[in-house]
Amino acid sequence: GKNMIEMNIKKLRKQYPQGTVIVLDAMDDSQAPPVGTKGTVEFVDDAGMIHMHWETGSSLGLAPGEDSFHKM
């Protein structure tokens, strides 16, 4: 339920605070930056999406569980 989602978002925000550098491993999106692109976390929204600032200039968000990425 909702509490589970809220708990997960708290966990995500702890795991990926603003400024965290992330490397993209895979994203199933035609707009996706190339694999290996580095980006910086802006914030995690209430839906659990990680808002990003990619080095390519893209601001495409990451969906944990759908997209594949790792911290630097």
Side-chain angles (χ1 to χ4, degrees):
K2 188 154 167 52
N3 281 359
M4 193 68 195
I5 293 168
E6 280 174 13
M7 273 170 50
N8 283 342
I9 289 166
K10 274 204 178 101
K11 209 166 100 182
L12 281 171
R13 285 183 173 144
K14 219 182 211 136
Q15 218 177 343
Y16 301 107
Q18 182 175 20
T20 304
V21 177
I22 282 177
V23 181
L24 184 64
D25 296 326
M27 192 193 276
D28 191 14
D29 191 308
S30 59
Q31 308 287 304
V35 169
T37 300
K38 290 186 193 76
T40 314
V41 174
E42 297 277 305
F43 65 97
V44 176
D45 70 19
D46 293 337
M49 280 289 288
I50 304 175
H51 289 249
M52 296 296 299
H53 179 78
W54 297 103
E55 61 186 353
T56 56
S58 168
S59 58
L60 200 65
L62 285 169
E66 259 175 67
D67 301 320
S68 180
F69 53 90
H70 65 272
K71 288 202 257 194
M72 272 291 279

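In this chain, residues are counted from 1 in sequence order. FYI, side chains are in, hydrogens and waters are out, and symmetry mates aren't considered; it's all heavy atoms of this structure.
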Checklist entry - Can you pull the side chain to side chain donor-acceptor pair (under 3.5 Å) pairs that have at least one residue in residues 34-43, sequence neighbours excluded? => result none
Item to check | Residues that Asp46 engages under salt bridge (charged side-chain N to carboxylate O under 4.0 Å, His left out), provided they are two or more places apart | outcome: Arg13
Checklist entry - NE2 of His51 to CG of Asp45: how many Å apart, nearest 0.5 Å? => result 3.5 Å
Checklist entry - So how far is it from Ile5 CD1 to Leu12 CG, rounded to the nearest 0.5 Å? => result 11.5 Å
Checklist entry - Roughly how far apart are Gln31 CD and Thr56 OG1, rounded to 0.5 Å? => result 11.0 Å
Next on the checklist: side-chain contact (heavy atoms from CB on, under 4.5 Å) for Leu62 and Leu24? Distances and angles first, verdict last.
Outcome noted: CA-CA 9 Å; Leu62 285 169; Leu24 184 64; 3.9 Å; yes
Checklist entry - Is any side-chain heavy atom of Met52 closer than 4.5 Å to a side-chain heavy atom of Ser58? => result no
Next on the checklist: Around atom CD of Glu55, are there more than 12 heavy atoms from other residues, nucleotides or ligands closer than 6.0 Å?
Outcome noted: yes
Checklist outcome for this item: Closest heavy-atom pair, Leu60 versus Pro33, reported as atoms and distance to 0.1 Å, is CD2-CD, 4.3 Å
Checklist entry - In the hydrophobic clustering that connects Ile, Leu, Val, Met, Phe, Trp and Tyr at side-chain heavy-atom distances below 4.5 Å, which members other than Met72 occupy its cluster, ordered by chain and number? => result Val21, Val23
Item to check | Under the side chain to side chain contact (heavy atoms under 4.5 Å, CB included) test, residues paired with Ala26 that sit two or more places apart | outcome: Ser68
Checklist entry - Residues in side chain to side chain contact (heavy atoms under 4.5 Å, CB included) with Thr20, at least two apart? => result Tyr16, Pro17, Ile22, Val41, Lys71
Checklist entry - What residues form a side-chain hydrogen bond (donor to acceptor under 3.5 Å, both in side chains) with Asn8, not counting sequence neighbours? => result none
Checklist entry - What distance do Glu66 atom CD and Met49 atom CE have between them, rounded to the nearest 0.5 Å? => result 8.0 Å
